[in-house]
Every structure is written in structure tokens, then in C-alpha cells.
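Below: one structure, written as C-alpha cells.
Note that ligands are numbered from 1 as they come in the structure, with each ligand's atoms numbered from 1 the same way.
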Amino acid sequence: MSQESQLTTALAEAATTAGHAPSVHNTQPWRWRVLPDALELRSVADRQLAASDPDGRLLAVSCGAALHHARLALAAEGWRVVVQRLPDPDDSELLARLTSLSRTAADPDAMRMVQCMQVRHTDRRPVSDEPVPPAAIEEITRAVSAEGCRLQILDRDQVLELAATAGHADTVEADDPELRTELAYWTSRAGSGTGLPAEVLPEQPAQTTVPGRDFGRPGSLPVGPGHDRMAVYAMLHGDEDERGSWLRAGEALSAGWLTATRLGVSAVPLSSAVEVPGTRQTLRQLLSGIGFPYLVLRLGIADQAHSGPPHTPRLTTAQVVDTSAVR
Ligand SMILES: Cc1cc2nc3c(=O)[nH]c(=O)nc-3n(C[C@H](O)[C@H](O)[C@H](O)COP(=O)(O)O)c2cc1C
């Protein structure tokens, strides 16, 4: 294989691997373009949540998670890259360009993280009564910091405030017909490779302090009698509230979540309180103004005794990776 085709094969494979990344409502709002010497990440307006995410905050976080997955996939295969974020101010859909690729030794830590991508998933059942080891929380927090973001662990009072805030956000969203229609669309896309199938959504709301997101319809995932007493709630936050920082937040989310997976810790993002402007402001106050909230995360040890949800489907490679420029 020539060096050029080795490179474009690696880029196409990294883009495919990035398809494992989490995204809000499994919208997968990204498209990759493989070029002879670079890989471009573009957002897809059709898969943006126009009603609940008009600013593209969660779209950028989702795309950032895919970007981090692609970076790891390249490092695992022994490629060093330069990442240009938002490289063209006149092209708002171009979120990142991975460029200046050169060979280096394959990174064993990245290889391990690529394995974690295949098993990571969102388990919305209540967590078990097993506590999350403090050393695991520290490691997850460090992984987030290494990507330029912060993870604040909430204390008991803050968790109670979060519970009220998340409950209020769900009520606001349930009362809005446009938001209800949007949610119904993304929870009834069986067979499309996007959205949330019934099997990953709880059969009934779990009896937890902080309510899980209200998806507006019951799923078929048995929740069991569990609680969230042993869950740790954390807030991903940072210094700015604009597209570049949301993209970085997604990279940090990926780093933290894959690290959690490696350590046997389950993570569930909770974003409704970030979507509603009023509750987003409350979350900001909860952080005492030290940063802008990007996402709430529930960390816990999943119930091992009962089977969890299946993997959520994905779009095909042909739908998200454009190789026409290198064919
Ligand atoms: C930015 C973002 C926001 C999310 N918000 C929620 C949420 O509010 N509630 C929830 O249950 N899952 C949430 N998720 C998880 C996604 O629904 C999940 O990643 C997606 O359906 C793909 O499934 P998987 O994580 O099992 O691969 C969110 C994920 C991302 C990246």
C-alpha cells in the first residue's frame, strides 16, 4: 500500500470508529470528509435538535465526543495529528480538521480506550448500591481536565438542588408542544440507525432523587427496584459558553466517559436542565458562577445482576463518512 493510501485508509477507519461516540438522542449530528491528507468533521444541520438545542450547544458537544474518538483511533494506530478546531470562520459547519499526520509508535493507552468505545453505552437503569470508588472519580476528573474542561462533583445539597432543577426542566419541556413533537420524532425512529429505540428507555420512571430524563413515552427496559443513593452527580463545565468550548466539552465528555468505562463505572448524561435557558441559569448559580454548565453526569456502578440495555443502533459508515475525494 502506498503511503498516501495508508493514510487515507487510516483516516476513513478513524472516522468509522468515531461512530461509536455518544450523541444527544443518538442524533449523530456529524459527517466526516476524508481528504488525501486530512480528515474534516462537519456538523449536519438536519440532525440538530432545532427546538431543544437551537444554539447547537448539544450538537457541538456530541460532535466533540466523535472528534475525541477519532483522535484516539488515530493514536491507537500510531498516527500523530494536529487538530484545528473551527478552522474556517466563514464555514460554520466545519468543526474540526485533523491534519499534518505523521507516523509514531502506536499508543497502548489509546488502544485500550478504543476497546472501551465498543462497550461504552448509556444504561438508564438506577445504579446499584455499590459505591463508586473515590480513586475512580479522581481518574475520571483528571481525564476531563486533560481535555481543558472541569468536572465538579456535587455535594448533597447541590444534588437536591439539581433534582429540583432537572424536574423543573422536564416539566417545561413536557409542556411545550414543539419540544414534545421533537422528542417523539427521535424516540420513534426504529430501523433508521438514529434515535432511541424502546429497548434502551426505562419501562417506567425509576424512584430516584434526581429524575432521569422524561422521554415522553415508556420504553421496554426493566428498571428494577434500584435507587440513585450511591450515584455521584457531577457537572461538566468550563470558562466559556460558545461553540469552541462546547466542542472541547464533548472531547472531555468522551475522555471522562471512556475512562469511566475502563474503570467499570457507568455514566449517564442529563441534558434537559442545560437545554432550558432558565434551568441552565440555575445550574450556573449552583456552580457559584465559577463556570458555564455543559452537561450533568450521573456516575454509578451498574446493576450487574440483571441484563442492561442493548447497544443503540448507529448510521452506516456510508451515511457518515464521505470518501469521494480519495476514491
Ligand atoms: C450531549 C449529550 C446529551 C445527552 N443527554 C442525555 C439525557 O438527557 N438523558 C439520557 O438518558 N441520555 C442522554 N444522552 C445519552 C445519549 O442518548 C446516548 O449517548 C445515545 O443515545 C447513544 O447511545 P449510547 O450512549 O448507548 O451509545 C446524551 C448524550 C450526549 C452526548
- Quick look: Trp246 vs ligand 1, heavy-atom contacts under 4.0 Å, and the answer is neither
- atom 5 (N) of ligand 1 sits nearest the protein heavy atom Ser271 OG, 2.8 Å
- Task: Measure from NZ or CZ of Arg284 to the centre of the six-membered ring of Phe292, then state whether that distance is under 6.0 Å and the direction lies within 45° of the axis.
- Result: yes
- Look at atom 26 (O) of ligand 1 and find which of Asp170, Asn26, Leu297, Thr122 reaches it with the closest heavy atom. Thr122
- Can we say Asp175 and Arg180 salt-bridge, meaning some charged N sits less than 4.0 Å from an Asp/Glu carboxylate O? no
- Item | Contacting atoms of ligand 1, where contact means under 4.0 angstrom from a heavy atom of His121 | 26 (O)
- Query: Considering only heavy atoms of Thr312, which atoms of ligand 1 have at least one such atom less than 4.0 Å away?
  - Reply: 23 (O), 26 (O)
- Note on the structure: If you scan protein heavy atoms around atom 17 (O) of ligand 1, the nearest is Arg124 NH2, 2.9 Å
- Task: Mind checking the CZ-CD spacing from Arg42 to Glu93? Nearest 0.5 Å is all I need.
- Result: 6.0 Å
- Task: Output the distance between atom CG (Leu263) and atom CG (Leu258), rounded to the nearest 0.5 Å.
- Result: 11.0 Å
- Should the pair Arg189 and Trp186 be classed as cation-pi, given the thresholds of under 6.0 Å to the six-membered ring centre and 45° from the axis? yes
- Message: If we count only N and O atoms by modelled type, under 3.5 Å, do the side chains of Glu178 and Thr181 hold a donor and an acceptor together?
- Response: no
- Transitively linked via ILVMFWY side-chain contacts under 4.5 Å: Ile140 with Leu295? yes
- Closest non-hydrogen protein atom to atom 19 (O) of ligand 1, residue and atom name please, with distance? Pro22 CB, 3.2 Å
- Message: Below 4.0 Å from ligand 1: does a non-hydrogen atom of Ser23 turn up there or not?
- Response: yes
- Item | Min side-chain heavy-atom separation Val172-Glu275 under 4.5 Å | no
- Message: Under 4.0 Å, heavy-atom basis, I'd like to know which part of Met117 is in contact with ligand 1: side chain, backbone, both or neither.
- Response: neither
- Nearest protein heavy atom with distance in Å, relative to atom 30 (C) of ligand 1: Val24 N, 3.5 Å
- Using a heavy-atom cut-off of under 4.0 Å, does the side chain or the backbone of Arg213 touch ligand 1, or both, or neither? side chain
- Message: Looking at ligand 1, would His311 count as a contact under a 4.0 Å heavy-atom criterion?
- Response: no
- Could you see which bit of Leu196 sits under 4.0 Å from ligand 1, with heavy atoms only: side chain, backbone, both or neither? side chain
- Item | Per atom 27 (O) of ligand 1, closest listed option by heavy atom (Arg314, Glu275, His20) | Arg314
- Query: Is the NZ or CZ atom of Arg103 both under 6.0 Å from the centre of the six-membered ring of Trp79 and within 45° of that ring's axis?
  - Reply: yes
- In terms of residue, atom name and distance, what is the protein heavy atom nearest to atom 7 (C) of ligand 1? Pro269 O, 3.1 Å
- Note on the structure: One finds that the ligand 1 atoms under 4.0 Å from a non-hydrogen atom of Arg120 are 24 (P), 25 (O), 27 (O)
- Query: Do Arg57 and Ser62 come close enough that some side-chain heavy atom pair is under 4.5 Å?
  - Reply: no
